[in-house]
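Computed from heavy atoms alone, side chains included, the values below leave out hydrogens, waters and symmetry copies. Along the sequence shown, residues carry numbers from 1. In this text, all values refer to a predicted model and were calculated from it rather than measured experimentally.
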Amino acid sequence: MKYLIIALSMLFLSFSTKASDCEHIYSNSSFYLCAKKSDDDELFPFPVYDVFAVHVGTGRKSFIANERFINDVSNVIKVSGTEFFYKAYMGGNSPPSEHRHVLIIIDGSEVKNAGIFSGYADIDDDSAPDYYLLSLSEMGSSRAFDTYTKVKLVLRNNKLVRDK
């Protein structure tokens, strides 16, 4: 019965996605991600897409982020039952732009963007992975490279914030 409900939900989602002119990218049993060409697309020298998350149970649609490469969005990683993220490259050649991740959380009956981070690894040696942000600590001269430090982020009130 559970699989029948999931199959019917996916069938319904495929119809509703086409009806809303939003290209289906990723789905699981709680939400799905879709994208459509951004209304501000003409402001950029490359195509830009608006990515949305839709809660399967309620149908609530939430804006997640603007992305250049929507194929990257389909590689969603599950952290817990309510936390997911994907890595996305919007452009640029600095470590923060090359290592940009979007954290998506399920908050009751809706799916939200909880913030942007640079990576997910154990940076405080407690054997548990942490969200972190690459922060510019020293600018390089013409012959040196910029130096970045990893700043730990924690999830508070469904938003990523710097750890104290």
What are the two closest non-hydrogen atoms of [X] and [Y], and how far apart are they?
| X | Y | value |
| --- | --- | --- |
| Ala65 | Tyr86 | CB-OH, 3.8 Å |
| Asp50 | Asn66 | OD1-ND2, 2.5 Å |
| Val102 | Glu67 | CG2-OE2, 3.8 Å |
| Val54 | Lys61 | CG2-CG, 3.9 Å |
| Thr58 | Ser109 | OG1-O, 2.8 Å |

Between [atom1] on residue [X] and [atom2] on residue [Y], distance to nearest 0.5 Å:
| X | Y | atom1 | atom2 | answer |
| --- | --- | --- | --- | --- |
| Arg68 | Phe44 | CZ | CZ | 11.0 Å |
| Asp163 | Leu160 | CG | CG | 11.5 Å |
| Lys112 | Arg60 | NZ | CZ | 9.0 Å |

Derivation and outcome, side chain to side chain contact (heavy atoms under 4.5 Å, CB included), residues Lys36 and Tyr49: CA-CA 5 Å; Lys36 69 176 189 118; Tyr49 299 89; over 6 Å; no
Which residues share a ring-ring contact (aromatic ring centres under 6.0 Å, His included) with Phe52, sequence neighbours left out: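 Listed in chain order: Phe63.
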With Phe85 via ring-ring contact (aromatic ring centres under 6.0 Å, His included) - residues at least two apart: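 Here the qualifying residues are His101, Phe117, Tyr120.
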Member of Thr82, Ile64, Val76, Val79 meeting the side-chain contact (heavy atoms from CB on, under 4.5 Å) criterion with Ile104: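 The residue from Thr82, Ile64, Val76, Val79 that satisfies side-chain contact (heavy atoms from CB on, under 4.5 Å) with Ile104 turns out to be Ile64.
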Option among Val111, Ile106, Leu103 that satisfies the side-chain contact (heavy atoms from CB on, under 4.5 Å) test with Phe84: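 Of all the options given, the one that passes is Ile106.
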Trace of the side chain to side chain contact (heavy atoms under 4.5 Å, CB included) decision for Arg162 with Leu133: CA-CA 9 Å; Arg162 290 178 186 249; Leu133 184 66; 3.8 Å; yes
Trace of the side chain to side chain contact (heavy atoms under 4.5 Å, CB included) decision for Glu23 with Cys34: CA-CA 5 Å; Glu23 181 183 339; Cys34 66; 5.8 Å; no
Using only atom types and a distance under 3.5 Å, with no angle test, would you say the side chain of [X] pairs donor to acceptor with the backbone of [Y]?
| X | Y | answer |
| --- | --- | --- |
| Asp122 | Pro129 | no |
| Ser74 | Ile25 | no |
| Ser118 | Arg100 | no |
| Asn113 | Gly115 | yes |

pair His99-Tyr148: side-chain heavy atoms closer than 4.5 Å: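 Answer no - side chains too far apart.
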Please list every donor-acceptor pair under 3.5 Å in which a side-chain atom of residues 150-158 meets a protein atom from a residue at least two apart or in another chain.
{"from": "Lys152", "atom 1": "NZ", "to": "Asp124", "atom 2": "OD2", "distance (Å)": "2.6"}
{"from": "Asn158", "atom 1": "ND2", "to": "Asp107", "atom 2": "OD1", "distance (Å)": "3.4"}
{"from": "Asn158", "atom 1": "ND2", "to": "Asp107", "atom 2": "OD2", "distance (Å)": "3.2"}

Ion pair Lys37/Glu42, N-O distance below 4.0 Å: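 Salt bridge flag = no for Glu42 with Lys37.
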